[in-house]
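Report on one structure; see the data block that follows.
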Amino acid sequence: MPTILIVRPEAQAAADIAACEAAGWRALPFSPITLEPDTSALLRLNAQFQAAQAVFWVSPGAVGTAAPHIDFSNGRIVQITVGQASRNALEKFCPHPVISPETGNDSEAVLALPVWESLPAGAEVLVIRGHGGRNLLADELRRRGFAVNTAEVYFRRPKPLDWQIFEAEKPQAAYITSAEMVRELFAQAPDRITQVLRTLLYFTHHPRIADALRSAGAQRIELVERLNPHSLVSVAIYLPTGFKPCASRSNE
């Protein structure tokens, strides 16, 4: 049974773990970043939410952090998410329709949605994200005449990784969900592990993340819309029998 690292905040990893197990992979949560709620921002959040005509959720992490603090009874507020995973997460809290791109999972895909044409001129849009998120969508919406506010509801904090577990498990692949995760994963790795990381088969959902992986030295990268049993089964046949990319301790 091959082992795959799930390199994303652990609160968001349950569906990925289930997909891996369904495909016959062992999944190992291995996130180098944790999301720390911004309590003061969360106290202000519901008032910001109720004042908006549309709300954009940037990630499942934003949903998981912020949605429990919001009253969703006002069904007139338009809910928009960056992709299907965020939409699925939000639908657990929001009983009203949620809009997301059918293909693509980034700000560019969201900006192409027809919903922006149906909103009133100058409508107030609330962007719910973490501290230091991308400004592309907010800047473009302001250029189109919308009044954009942001609610930065969490901090990204480095989370020390247990490299002894990595060496014991000898992973063959990894699923990684942000360029920041890529940078932090390789930044934390000891020298003896860095070369090993570069040999893994990486799954990711966005070309920007693939570019970050290439910059870190990774060579085998598969772009998938989302991690699912089909995508895992389709590449498992290319893993050599007994493939063990992790260097043994005798070679340290």
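Start at 1 with the first residue, then count along the sequence.
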Check whether any side-chain N or O of [X] sits under 3.5 Å from a backbone N or O of [Y] as a donor-acceptor pair, and report yes or no.
X	Y	answer
Q53	E124	yes
T81	W57	no
R142	V148	yes
W25	A19	no
Q188	K159	yes
E222	F203	no
E169	Q164	no

At what distance, to the nearest 0.5 angstrom, does [atom1] of [X] lie from [atom2] of [Y]?
X	Y	atom1	atom2	value
L223	H206	CG	NE2	9.0 Å
I99	R87	CD1	CZ	8.5 Å
R44	T39	CZ	OG1	9.5 Å
L137	R129	CG	CZ	9.5 Å
L227	I6	CG	CD1	5.5 Å
L200	I221	CG	CD1	11.0 Å

| query | side chain to side chain contact (heavy atoms under 4.5 Å, CB included) between I193 and E167: does it pass, once the steps are laid out? | reply | CA-CA 8 Å; I193 300 293; E167 292 181 297; 3.7 Å; yes
Please tell me if the side chains of [X] and [Y] come closer than 4.5 Å, counting only heavy atoms from C-beta onward.
X	Y	value
L28	F166	no
Q12	L35	yes
L42	P37	yes
L161	E184	no
T177	H205	yes

Only one of F56, F93, F72 passes ring pair (Phe, Tyr, Trp, His ring centres under 6.0 Å) with F49, and that residue is F72
Does the side chain to side chain contact (heavy atoms under 4.5 Å, CB included) test come out yes or no for Y202 and V7, once each step is laid out? CA-CA 10 Å; Y202 287 92; V7 188; over 6 Å; no
(Q) According to a hydrophobic-cluster definition based on side-chain heavy atoms being under 4.5 Å apart (Ile, Leu, Val, Met, Phe, Trp, Tyr only), do I165 and L5 belong together? (A) yes
key: In one Ile/Leu/Val/Met/Phe/Trp/Tyr side-chain cluster, 4.5 Å: V58, L111   = yes
Quick check: closest heavy atoms across [X] and [Y], and the distance to 0.1 Å?
X	Y	result
G24	P2	O-CD, 3.7 Å
P9	M181	CD-CE, 3.1 Å
V63	P68	O-CD, 3.8 Å
E152	G132	OE2-N, 3.4 Å
P60	R8	CG-NH2, 4.0 Å
T150	Q48	O-NE2, 3.4 Å

When you measure from the centre of the six-membered ring of F155, is the NZ or CZ of R157 under 6.0 Å away and within 45° of the axis? yes
| Intermediate values then yes/no, salt bridge (Lys or Arg N to Asp or Glu O under 4.0 Å), R143 and E140 | CA-CA 5 Å; R143 191 190 68 79; E140 174 59 20; 2.7 Å; yes
Q: Please lay out, stage by stage, how N46 and Q50 fare under the test side-chain hydrogen bond (donor to acceptor under 3.5 Å, both in side chains).
A: CA-CA 6 Å; N46 193 56; Q50 303 304 330; 3.1 Å; yes
Exercise for review: Report the relative orientation of the aromatic rings in F30 and W163; use parallel for angles under 30°, tilted for 30 to 60°, perpendicular for over 60°.
Suggested key: perpendicular
Q: Report the C-alpha distance between I128 and L45 in whole Å, list the side-chain angles of each, state the deciding distance to 0.1 Å, and finish with yes or no for side chain to side chain contact (heavy atoms under 4.5 Å, CB included).
A: CA-CA 9 Å; I128 300 180; L45 178 61; 4.1 Å; yes
### Message
So for atom CG, which belongs to D191, do other residues, nucleotides or ligands contribute more than 12 heavy atoms lying within a distance under 6.0 Å?
### Response
no
Take T34 and E36, measure what side chain to side chain contact (heavy atoms under 4.5 Å, CB included) needs, and give me the verdict at the end. CA-CA 6 Å; T34 189; E36 178 186 307; 5.5 Å; no
